[in-house]
Number of protein chains: 2
Amino acid sequence: MGVQPTTERGRRTRERIVAAAAEVVAQKGALGASLDEVGERAAASRSQLYHYFDDKSDLLRAVAESTNEAVLGAQDDLFAGLGTWPGLVRWTDALVALQEERGGVGGCPIANLLGQLGERDDEIRAVLSDGFDRWEASIRAGLTAMVASGELRADADADWLAASTLASLQGGLILAQARRDPLPLRRALDGAIRLIATYRTTTKA
Amino acid sequence: MGVQPTTERGRRTRERIVAAAAEVVAQKGALGASLDEVGERAAASRSQLYHYFDDKSDLLRAVAESTNEAVLGAQDDLFAGLGTWPGLVRWTDALVALQEERGGVGGCPIANLLGQLGERDDEIRAVLSDGFDRWEASIRAGLTAMVASGELRADADADWLAASTLASLQGGLILAQARRDPLPLRRALDGAIRLIATYRTTTKA
DNA sequence: CACCGACTGGACTTGACAGTCCACTCCGCG
DNA sequence: CGCGGAGTGGACTGTCAAGTCCAGTCGGTG
């Protein structure tokens, strides 16, 4: 996987390259992203790219990892609140608001990369799959906490509900991207919430 | 959009090109598909491609339309049964079985195309969005029929449930593709079914 | 059978991209 | 202060793709 930088200067250059690559990939797609453009945007020359990365695939792998961190990191605060019902609702509201902000453009960056590279590079697929795993684990942790606190009934299957909820989210994002309209995302997440609600102990909304 | 064939021979050539292009795109992705390879696989020369299509985008648009037909057409029989509970269950079972068959490889072709081209070509996005609309409409029709027959309560919102179900399906496919495992799809669809089940009038499973 | 337009073949041009190469600079260390 | 390795610059090459062009062939019609 290329040369690992040993100096501070090299570390920053490598980071600049990954950040620039992530931007270009988001704009032009993974295959449409040219190393020339990445280099230009990172103010790094061709040979620097090949100094830190073996080839384009290697760079894209780094982009995939960085995308995981960006997507999950942006939700960290919200994940922390998932252990309560209002926190769960807040999380979905934030996701819909984010999609509204973007005018429905662009779905989930992880899913986008998966669609473009998942069948072409198994390592990248594994990286992105791990991103989904962590996402699902955060949801599951919240649900498990709600079971422990008695907010959800003990027969609620957190594994199943977490997987199903993440699927609703991902599917909702796809439909929102297709229609350029956040409504399908809202509906999908309402479905997920409503399903979880069938396991609530308190009846009020 | 290129020249519309007037002779039978031309019609078959055009069709061969679209079919070949769909294959290549499925294998290599939309951007990775070269016209050379499409031509070779269709036993058509370069100029034939440009005779029937303005450019690559135009061809990809035709591929998108053909993909819609393929995906929706394959489910026609199952759509017909969606108006009853056992038919709904049968539909989900068939989708999971299909994903098992493929070893989790490749998600929904419509979603894949959307991820690759949706942000780059608005016309293609619209075509694929229309595919989802038709998909959703088929589900909605089934749910509406169940409401009419009294199998579902009258307060079941078919619009919402159809959108949410399609989202679960799409999200489940993404996760299944990422993990190379059909389980997430099964869980997602179980979630969708379970949600619809909360509106059933008869209580038995 | 000659004509005509639809259809076909494949060489050619142009440009872009991944990846290579080597000369150079920077900077810590003895 | 000069040595050496990490880091940098950018020209260069080979490959391959999109799109153009024009000389053909085919088959139905008068």
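Naming: A, B, ... by sequence-line order, numbering from 1 per chain.
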Practice task
Using the side-chain hydrogen bond (donor to acceptor under 3.5 Å, both in side chains) rule, collect all pairs that involve residues 62-74 of chain A, keeping only residues at least two apart or in two chains.
Solution key: A/E69-A/R134
Completion exercise
Hits for side-chain hydrogen bond (donor to acceptor under 3.5 Å, both in side chains) against A/S45, two or more places apart or cross-chain, chain-then-number order -> A/S47
Exercise for the section: Take the protein atom CZ of B/R9 and the nucleotide atom P of C/dG5, then report the distance between them rounded to whole Å. Expected result: 17 Å
Practice task
Rounded to the nearest angstrom, tell me the gap between atom CG in A/L35 and atom P in C/dA18.
Solution key: 4 Å
Practice task
Kindly state each residue pair satisfying side-chain hydrogen bond (donor to acceptor under 3.5 Å, both in side chains) with at least one member in residues 100-111 of chain A, sequence neighbours excluded.
Solution key: A/Q99-A/R102
Problem - Under the salt bridge (charged side-chain N to carboxylate O under 4.0 Å, His left out) test, residues paired with B/D157 that sit two or more places apart - result: none
Exercise for the section: Map B/A33 and A/T7 onto DNA chain D by nearest heavy atom, then report which one ends up closer to the 5' terminus. Expected result: A/T7
Tabulate protein N/O versus nucleotide N/O from nucleotides 10-13 of chain C, keeping only pairs under 3.5 Å, one per line.
{"unit_1": "C/dG10", "atom_1": "O6", "unit_2": "B/S47", "atom_2": "N", "d": "3.4"}
{"unit_1": "C/dG10", "atom_1": "O6", "unit_2": "B/S47", "atom_2": "OG", "d": "3.1"}

Practice task
Tell me yes or no: between the side chains of A/E151 and A/W85, is some donor less than 3.5 Å from an acceptor?
Solution key: no
Fill in the blank from the handout: Contact span of DNA chain D against chain B, any nucleotide atom under 4.0 Å from a heavy atom, 5' to 3', runs D/dA17 to D/dC26
Practice task
Report the residue (B/P5 or A/D36) whose heavy-atom-nearest nucleotide on DNA chain C is the more 5′ of the two.
Solution key: B/P5
Handout entry: A/A126 backbone acceptor or donor facing B/R180 side chain under 3.5 Å
Key = no
Completion exercise
To the nearest 0.5 Å, atom CD of B/E15 lies from atom OH of B/Y52 at 11.5 Å
Practice task
Indicate whether the side chain of A/E119 and that of B/Q177 have a donor and an acceptor atom separated by less than 3.5 Å.
Solution key: yes
Problem - Non-hydrogen side-chain atoms of B/R14 and B/Q4 separated by less than 4.5 Å - result: yes
Residues 188-196 of chain A side chain polar contacts: donor-acceptor under 3.5 Å, at least two apart:
{"unit_1": "A/D190", "atom_1": "OD1", "unit_2": "A/R186", "atom_2": "NE", "d": "3.2"}
{"unit_1": "A/D190", "atom_1": "OD1", "unit_2": "A/R186", "atom_2": "NH2", "d": "3.1"}
{"unit_1": "A/R194", "atom_1": "NH1", "unit_2": "B/Y199", "atom_2": "OH", "d": "3.2"}
{"unit_1": "A/R194", "atom_1": "NH2", "unit_2": "B/Y199", "atom_2": "OH", "d": "3.3"}

Practice task
For DNA chain C, determine which residues of residues 10-26 of chain A have any heavy atom closer than 4.0 angstrom to one of its atoms, and list them numerically.
Solution key: none
Exercise for the section: Quickly work out the A/Y50 OH to C/dC22 C1' distance and round it to whole Å. Expected result: 17 Å
Completion exercise
Taken in chain and number order and not counting sequence neighbours, the residues that satisfy salt bridge (charged side-chain N to carboxylate O under 4.0 Å, His left out) with A/R125 are A/D122
Handout entry: Under the side-chain hydrogen bond (donor to acceptor under 3.5 Å, both in side chains) test, residues paired with B/E37 that sit two or more places apart
Key = B/K28, B/R41
Practice task
Using whole Å, report how far CD of B/E40 lies from P of C/dT8.
Solution key: 18 Å
Fill in the blank from the handout: Applying salt bridge (charged side-chain N to carboxylate O under 4.0 Å, His left out) to B/R46 and not counting sequence neighbours gives B/D36
Fill in the blank from the handout: Under a 4.0 Å heavy-atom cutoff, the residues of residues 51-64 of chain B touching DNA chain D are B/D55, B/K56
